Amino acid sequence: MIVKALPVSEQATVLSSDDLRKMFEFMLLARLLDERQWVVNRQGKAPFVISCQGHEAAQVGSAYALQAGKDWVLPYYRGLGVVLTLGMSPEDVMLGVFARATDPASGGRQMPAHYSSRPLNIISQSSPTGTQVAHAAGVGLAIHIRNSIAREIVDDAIAWVSFGEGTSSQGDVHEAMNLAGTHKLPVLFCCENNSYAISVPQHKQMGVQDVASRAAGYGFPGVVVDGTDPIACYEATKTAVERARRGDGPTLLEFKCQRLTPHSSDDNDRSYRSTEELKEMRLHDPLHRYTKYLKDEGILTDVDEQALRARIKDQVDAATKAAEAAAVPDPATVLRHVFAETND
Amino acid sequence: MIVKALPVSEQATVLSSDDLRKMFEFMLLARLLDERQWVVNRQGKAPFVISCQGHEAAQVGSAYALQAGKDWVLPYYRGLGVVLTLGMSPEDVMLGVFARATDPASGGRQMPAHYSSRPLNIISQSSPTGTQVAHAAGVGLAIHIRNSIAREIVDDAIAWVSFGEGTSSQGDVHEAMNLAGTHKLPVLFCCENNSYAISVPQHKQMGVQDVASRAAGYGFPGVVVDGTDPIACYEATKTAVERARRGDGPTLLEFKCQRLTPHSSDDNDRSYRSTEELKEMRLHDPLHRYTKYLKDEGILTDVDEQALRARIKDQVDAATKAAEAAAVPDPATVLRHVFAETND
Amino acid sequence: MEMTLLEAIRAGLDEAMAADERVFIFGEDVGKRGGVFRVTEGLADKYGEARVMDSPLAESIIVGASIGAACYGLRPVAEIQFADFIWPATNQIVSEAARMRYRSNGVWGCPMVIRAPYGGGIHGALYHSQSIEAFFAHVPGLKVVAPSTPYDAKALIKAAIADPDPVLFLEHKKAYRLIKGEVPEEAYEVPIGKAEVKRAGSDLTIITFGLMLHYALEAAEKLASSAGLQAEVVDLRTIRPLDTATILQSVRKTGKALIIHEDGLTGGIGGEIAALVAEHAFEYLDGPVMRLAGPDIPAMPFAASLEHEYLLSVDDILDKLQAIAAY
Amino acid sequence: MEMTLLEAIRAGLDEAMAADERVFIFGEDVGKRGGVFRVTEGLADKYGEARVMDSPLAESIIVGASIGAACYGLRPVAEIQFADFIWPATNQIVSEAARMRYRSNGVWGCPMVIRAPYGGGIHGALYHSQSIEAFFAHVPGLKVVAPSTPYDAKALIKAAIADPDPVLFLEHKKAYRLIKGEVPEEAYEVPIGKAEVKRAGSDLTIITFGLMLHYALEAAEKLASSAGLQAEVVDLRTIRPLDTATILQSVRKTGKALIIHEDGLTGGIGGEIAALVAEHAFEYLDGPVMRLAGPDIPAMPFAASLEHEYLLSVDDILDKLQAIAAY
Ligand SMILES: Cc1ncc(C[n+]2csc(CCOP(=O)(O)OP(=O)(O)O)c2C)c(N)n1
Ligand SMILES: Cc1ncc(C[n+]2csc(CCOP(=O)(O)OP(=O)(O)O)c2C)c(N)n1
Ligand SMILES: [Mg+2]
Ligand SMILES: [Mg+2]
C-alpha cells in the first residue's frame with residue numbers, strides 16, 4: 001500500500017501560525033547556514049561541504065514532528081535541517097565544517113555533516129551509506145526488548161533515520177526494514193529522494209517510481225510525500241510517529257526532494273545534468289514555495305522575512321566567526337578514544 | 001502486483017501426458033535418491049546430507065520449463081530435483097555425497113548439495129546463503145550487455161536462481177532483485193518457501209505472508225505458486241521464462257513448499273516443531289499429491305508406479321554402489337586450483 | 001566442576017544475563033533451538049524470547065541492529081552461526097562498531113559482543129571451518145578474544161560482555177566438546193588482553209591459541225619425553241590487543257620462537273607476532289622465528305582425505321619443534 | 001609520453017576495452033561522470049553505456065554481479081568508488097570470487113578485476129582514506145596489485161584484466177595526479193607477482209609500495225647525500241602473491257630491512273613481510289627487521305592537524321633509516 005500524502009494547499013493542518021513560522025525559520029537558517037559553508041569552502045577554509053539545499057522542507061517538516069532528546073535520530077549527511085530543528089546550534093555545525101577540536105560531532109575527526117549529539121540522541125554517523133538504517137532498526141529493537149521485558153510500553157521513543165534514494169539500493173536498508181517489519185519496531189524510515197545518487201539518475205538505480213513501494217513487502221505502510229512541502233512532511237511524519245509510539249510499527253516515508261546543488265563541493269553536476277534540467281529544478285525550491293505560501297496565507301510579510309533574514313545572517317556570521325576562531329585539534333589527541341579511557 | 005498461480009486442478013496445461021509422467025519420474029527419483037542419502041548418512045558413510053523432500057514439485061516443475069545447457073542455473077542446496085531434471089545423474093550426485101575425487105561439482109571439496117556443472121551451465125554454489133542470487137543477476141547483466149552491444153537479442157538464455165524464504169532476508173537478495181528490476185534483466189528469482197530457516201519460523205523472519213510481495217518494489221511481477229503442485233510450478237515458470245526471453249525482465253516466483261525432513265542431518269526439528277505440526281505437514285507431501293492426481297487422471301496406474309519405483313531403486317542402488325567404490329581425493333591435490341593452472 | 005568449553009561459555013552467558021537485564025542474545029536459531037551448537041540452550045526458556053531472540057537470516061542486521069541497541073544502552077551479544085558467515089557483516093563491524101568511539105571523539109561507544117564459532121576438523125568443508133582472527137585483529141577499535149580452555153572461556157565471555165567496547169569472541173568448534181576442564185563455582189576473573197604461559201619451559205617458546213594450544217601442549221610433552229627439551233607454551237587468549245610483554249618475555253628467555261595457527265600462513269596473525277619478536281627480541285634470538293600454519297588455500301575441503309591434509313597434527317608440531325631445537 | 005598515474009590507468013583500461021569486447025566497467029558514477037576521480041572519463045562515450053555502466057549504490061551487487069558475468073564469460077572491471085566502501089562486498093570477494101576456482105576443483109573461474117582507490121592525505125577523513133591491502137592479501141585465490149608508477153600501472157591494469165583469476169587493483173588516491181612518469185607508446189608488459197628494485201643500494205633494504213615508495217625514494221636520496229649510505233628500495237607492486245625471491249635477495253645482500261606502509265601497523269602487511277625476512281634471511285641479518293607504519297587507530301581523521309599526524313613523511317622515514325643504519 002502506498003499512501004500519497006496530500007499537498008500543502010489541501011492539507012488541514014494542526015500546526016499553528018507560530019509553528020508554521022518556526023518551521024520557516026529553521027528552513028531559512030538551514031539554507032543560509034548551508035550557503036555559508038560553500039562560501040568558506042570557496043575561500044579555501046573548509047576542504048569539503050555537502051548541502052541540504054532543496055531538502056529543507058522535508059527535513060524541517062519531518063524533524064518538527066519529533067521530540068528532541070527523547071526520540072533517537074540518525075540523519076544522513078544532508079540532514080542539516082534535521083539537526084538544526086532538533087536543537088544543534090549553527091556554531092556546533094560550523095565547528096564541524098572547520099574541523100575544530102570542540103566540534104561536538106567528532107572533534108574534527110570526521111568530515112563535516114557527519115552529525116552526532118549525545119544529549120539530542122543523535123547517534124554518530126559515518127560515511128558508508130545505509131549503515132545507519134540498521135542502527136535505527138537496532139534502536140527500535142532495543143525499545144521493543146525493553147518494553148517486552150516490562151510487558152508494557154515503558155519507553156515510547158521512536159527511531160527516526162534518513163537516507164537518500166540511492167542508498168535504498170544497499171542491502172543494509174533491506175535487512176533493517178525487514179527486521180523492523182517483523183517485530184513492528186518503532187522506526188521511521190525516511191527516504192529523501194532527490195532522484196540522483198551523485199551522477200546516477202533514479203532510473204539507473206531502480207525499476208520503480210517510488211521507493212515507498214517497497215514498504216508493502218515488509219508489512220508496513222509506505223507514504224510518498226511532496227518533499228518540498230514542509231506541512232505535508234510534518235503531517236505524514238506525525239502520523240507515522242503516533243503509529244510507532246502506539247506499538248503499531250514502522251513507516252517508510254519517501255520525501256520527493258530536489259538537490260539544488262552539486263552532490264558536494266567535490267562534484268560538478270553540469271557533467272551529467274542538462275542546463276534545462278538544472279533550470280527546471282530551480283522551480284521546485286522548497287524555500288521559495290513555502291515563503292510564497294506563508295505570504296499568501298498572511299502568515300509572513302515581506303518585512304518579517306527581511307528582518308528574519310537579517311537576524312539569521314547575524315547568527316550565521318557569529319557562528320562562523322566563533323567556529324573559525326576555535327582551536328584546531330591537538331595532534332597528540334590522534335591516538336585517543338580508540339577504546340574507552342575509563343570503564344564507562 | 002502479486003499474482004496467484006492457479007492450482008493444478010484448474011490449470012489448463014500444455015504439458016502432454018508424457019511430460020507429466022516424466023516430471024513424475026524426476027520427482028520420484030529425487031525422493032528416492034534423497035532418502036538414500038539419509039541411509040548412507042545413518043550408516044556413517046557420509047557425514048552430512050541435506051534434503052529436497054517436500055520441494056520436489058517446485059523444483060522439478062520449475063526446472064522442466066528451462067532449457068538445459070542453454071539457460072544458466074544457480075540452485076541452492078535443496079535443489080536436488082532441479083539438477084536431476086536438468087540432467088545430472090544419480091551417480092554424479094552420490095559422488096558428491098561420498099566426497100569422491102570424481103564428484104563433478106567439486107571433486108569432494110565441498111559439502112554435498114553444493115551443485116555445479118559446466119556443461120549444464122550450473123554455476124558452482126557455495127554455503128553462505130544468498131550470494132548466488134547476485135551471481136544470477138550478474139549472468140542476466142552479462143546477457144543484457146551482450147545484447148545491448150549487438151543491438152538485438154543474440155542470446156535469449158535466462159538465469160534461474162533459487163533460495164529459501166529465510167535467505168530472502170539477506171541484503172544480497174535485495175541488491176540482486178533491484179539490479180534486475182532496473183535493467184529488466186532475464187532472471188527468474190525462485191523462492192522455495194518452506195516457512196522455516198532451520199528453526200526460525202517465517203513470522204520471525206518477516207512481517208509479510210508472501211516473499212512475492214517484494215517484487216512490486218522492484219518493478220516486476222511476483223507470483224505465489226502452490227509449490228506442491230508441479231504443473232502449477234511449471235506453468236508459472238514457463239510464463240516467466242518467456243517474459244524474460246522476450247526482454248521483458250525478471251519475475252519473482254514464490255513456491256510454497258514443505259520441508260518434510262529436519263533442516264539437515266545435523267538438525268533435530270522436534271526441538272522446535274510440535275508433533276501436530278509435523279503430522280499436518282505430512283499431508284502436504286507433493287509426491288503423494290501428484291501420484292494421486294496422475295492416477296485420478298488415468299495417466300499413471302499402480303502397476304506403472306511399482307515398475308517405476310523398482311527401476312529407480314535399481315538406478316539409485318547402482319549409483320550408490322559406483323560412487324561409493326570411486327576413489328577418494330588424493331591428499332596431494334589439496335593445494336591445486338587456487339589459481340588457474342594454465343592461462344585459460 | 002568439570003565442563004566442556006561449550007558448557008563454560010553457556011555458563012558465562014547465563015551469569016551475565018542473570019546479573020544484568022541489559023544483556024540480550026541475538027542471532028540465527030539462538031532461541032528455541034538453543035543455537036546450532038547448543039551454546040544458548042535453555043537460555044530462552046530462562047530469560048524469555050525477547051532476551052534470546054532469533055534473528056532473520058541476515059548477518060549484517062544481526063551486527064548492525066546490535067550496534068543500534070548498544071548505543072541505546074543495552075548490551076547485545078550477537079551470534080554469528082559460523083565464523084565463515086561473518087563476512088556480510090564486515091562493514092558493520094569494521095566501519096561502525098569498531099569506530100563508533102573513535103569517530104565520536106569518545107562520546108558514543110559500542111559495548112557489544114559478537115560470538116562466532118570458528119575452526120575446522122569437523123567435516124565442515126570450505127564454509128564451516130574457517131579461522132578469521134587475522135582479518136579482525138587488524139581492526140583498531142575491536143578486541144578479539146579466543147579462549148582455549150573452559151576456565152578461560154567462562155571468565156572471558158563475561159569480561160567481553162562487561163567490556164565498554166566491541167569484542168569479537170571466537171569459539172573453536174572442534175574444541176567445543178573435545179576440551180574439558182575445571183571451572184570454579186565461585187567468581188573469578190580473566191582479563192582481556194592477557195596471554196598465559198600454559199606450560200613453562202626454557203628451551204624454546206611456542207605461541208599459539210585455540211585448538212592448536214592443546215596440540216602444542218601435547219607436542220611439548222612428547223618433546224620433553226623424547227628429547228628432554230622443555231618448550232614454553234604461551235596461550236594468547238586475546239588476539240587483539242596482543243600481550244606483547246608475555247610473548248617477548250618468553251622468547252627473550254628461550255631464544256627460539258614457533259608460532260602456530262590453524263589459519264592459512266600468508267597474512268595470518270603469525271606474521272604480526274613473528275614481526276614483533278623479530279624486532280623486539282632480535283638480540284636474544286638463537287634461531288629464525290618460525291611459523292607453522294595451515295596451507296594457503298581458500299579453506300578446508302570436505303573430503304576426509306583433504307581435510308586431514310589441511311589440518312596440523314601433534315606430530316607436525318613435534319617435527320617442527322625438533323627442527324627448531326636442532327637449529 | 002609523460003602521464004599521471006591516473007592517466008596511465010585510464011589508458012590501460014582503454015586499451016583493454018579496445019582489444020576485447022568482453023571487457024566492461026561496472027560501478028558507481030563510472031559512466032557519464034567518468035568516476036568521481038575521472039579514471040573512466042571518456043570511456044562511456046567511446047564504448048557505450050552498456051560497457052561502462054553506472055551501478056546502483058550497492059557494493060555487494062557490484063562485485064556479486066561481476067562474478068556472475070565472469071562465469072558467463074565476460075571480463076568485468078568493477079569499480080569500488082573508495083576502497084573504504086569495499087566492506088559490504090567482502091562476502092562476495094572472500095567467499096565467492098576468490099573461491100570459485102578452488103571450490104569447483106578448477107572447473108569454474110572468476111576472471112575479474114576490482115579497482116579501488118585507497119590511501120590518505122587528501123582530507124578524506126576516516127572513510128575516504130583507508131589502506132585495505134592487508135585484509136585482502138590474506139585471501140587465498142585473490143591477487144592484490146598496487147602499482148606506484150604510471151609505467152607499472154598501465155601494464156598492470158592490463159595484466160589484471162587478462163588474468164584468469166580475480167585481482168584487486170589498488171590505486172593510491174594521493175598518487176593519482178601527484179605521480180607522473182614516462183609511459184611508452186608501444187606495448188610492454190609488467191607481470192603480476194613481480195616486485196622491482198626501484199633503487200639499488202647495498203647498506204639496507206626498504207620494502208614498500210604505493211605513495212610510500214615515492215617518499216622512500218626521496219628519503220633514500222637524502223640518506224645518500226647526508227650519510228653516504230645507499231638504501232635499496234624494493235617496490236612490491238603486487239601484494240599477493242608476494243615476490244619473496246626479490247625481497248629476500250635484497251635483504252640477504254644488505255643485512256638490514258625496513259618495511260614501510262601507510263596502513264596501521266598491527267596486523268598490517270608489514271608483519272607478513274617481516275616474518276618472511278626473519279625466517280628466511282635470519283642468518284644474513286645485521287639488525288632487527290623494522291617496520292614503519294601508520295598508527296593503530298581506526299583511520300585518518302579529517303582535521304589537517306590530525307591527518308598530518310597520522311601520515312608518514314619523508315623525514316619520518318629518514319629518521320628511521322638513520323636509526324637502522326646506526327644499529
Ligand atoms: C557504501 C558507500 N558507497 C559509496 C559511497 C559514495 N557516495 C557517497 S554519497 C553517494 C550517493 C548517495 O546518493 P543518495 O543515497 O541518493 O543520497 P543523496 O546524496 O542523493 O542525498 C555515494 C555513491 C559511500 N559514501 N558509501
Ligand atoms: C550467510 C549464512 N548464514 C547462515 C547460514 C547457516 N544456514 C544454512 S541454511 C540456513 C537456513 C536457510 O533457510 P532458508 O533460506 O529458508 O532455506 P531452507 O533451508 O529452509 O530451504 C542457515 C541459517 C549460512 N549457510 N549462510
Ligand atoms: Mg539521491
Ligand atoms: Mg526455508
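As the structure is a computational prediction, the values presented were derived from the model and not from experiment. We name chains A, B, ... by the order of the sequence lines, and we start the count at 1 in each one.
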Atom pair CD1 (D:I297) and CZ (C:R103), whose distance is rounded to the nearest 0.5 Å: 15.0 Å

Option in C:I86, C:D263, C:I259 with maximal non-hydrogen atom pairs under 4.5 Å from chain D: C:D263

is_close_aromatic(D:F135, D:W87), centroid dist under 6.0 Å: yes

D:E79 (side chain) donor-acceptor with D:G27 (main chain) under 3.5 angstrom: no

Which atoms of C:A125 approach chain D - backbone, side chain, both or neither, heavy atom under 4.5 Å: neither

Most contacts with chain C, counted as non-hydrogen pairs under 4.5 angstrom, among D:Y127, D:F136, D:F302: D:Y127

Side-chain donor/acceptor of D:E28 to backbone N/O of D:S55, under 3.5 Å: no

Heavy-atom contact with chain C under 4.5 Å, split by part of D:L276: both

C:K256 and C:D203 ion-paired at < 4.0 Å: no

Under 4.5 Å from a heavy atom of chain C, the part of D:A299 involved: both

Winner by heavy-atom pair count (cut-off under 4.5 Å) against chain C, out of D:D296, D:T266, D:L242: D:T266

Top of D:A281, D:P140, D:G270 for chain C proximity - count of heavy-atom pairs under 4.5 angstrom: D:P140

Pair C:F209 + C:H261: ring centers closer than 6.0 Å: no

Sub-4.5 Å side-chain heavy-atom contact between C:L258 and C:L292: yes

Partner chain C: residue of D:S95, D:G268, D:P288 with the largest heavy-atom pair count (under 4.5 Å): D:P288

Check: C:G120 main-chain N/O paired with C:E262 side-chain donor or acceptor under 3.5 Å: yes

Structural part of C:L126 lying under 4.5 Å from a heavy atom of chain D: both

Among D:G141, D:P88, D:A278, residue most engaged with chain C (heavy-atom pairs, under 4.5 Å): D:P88

Carboxylate-amine/guanidinium contact C:R291 D:E272, below 4.0 Å: yes

Contact class of D:L285 relative to chain C, heavy atoms under 4.5 angstrom: both

Heavy-atom pairs under 4.5 Å with chain C, option from D:E59, D:R99, D:R240, D:E279 with the top count: D:R99

Region of D:Q92 in contact with chain C, defined by heavy-atom distances below 4.5 Å: neither

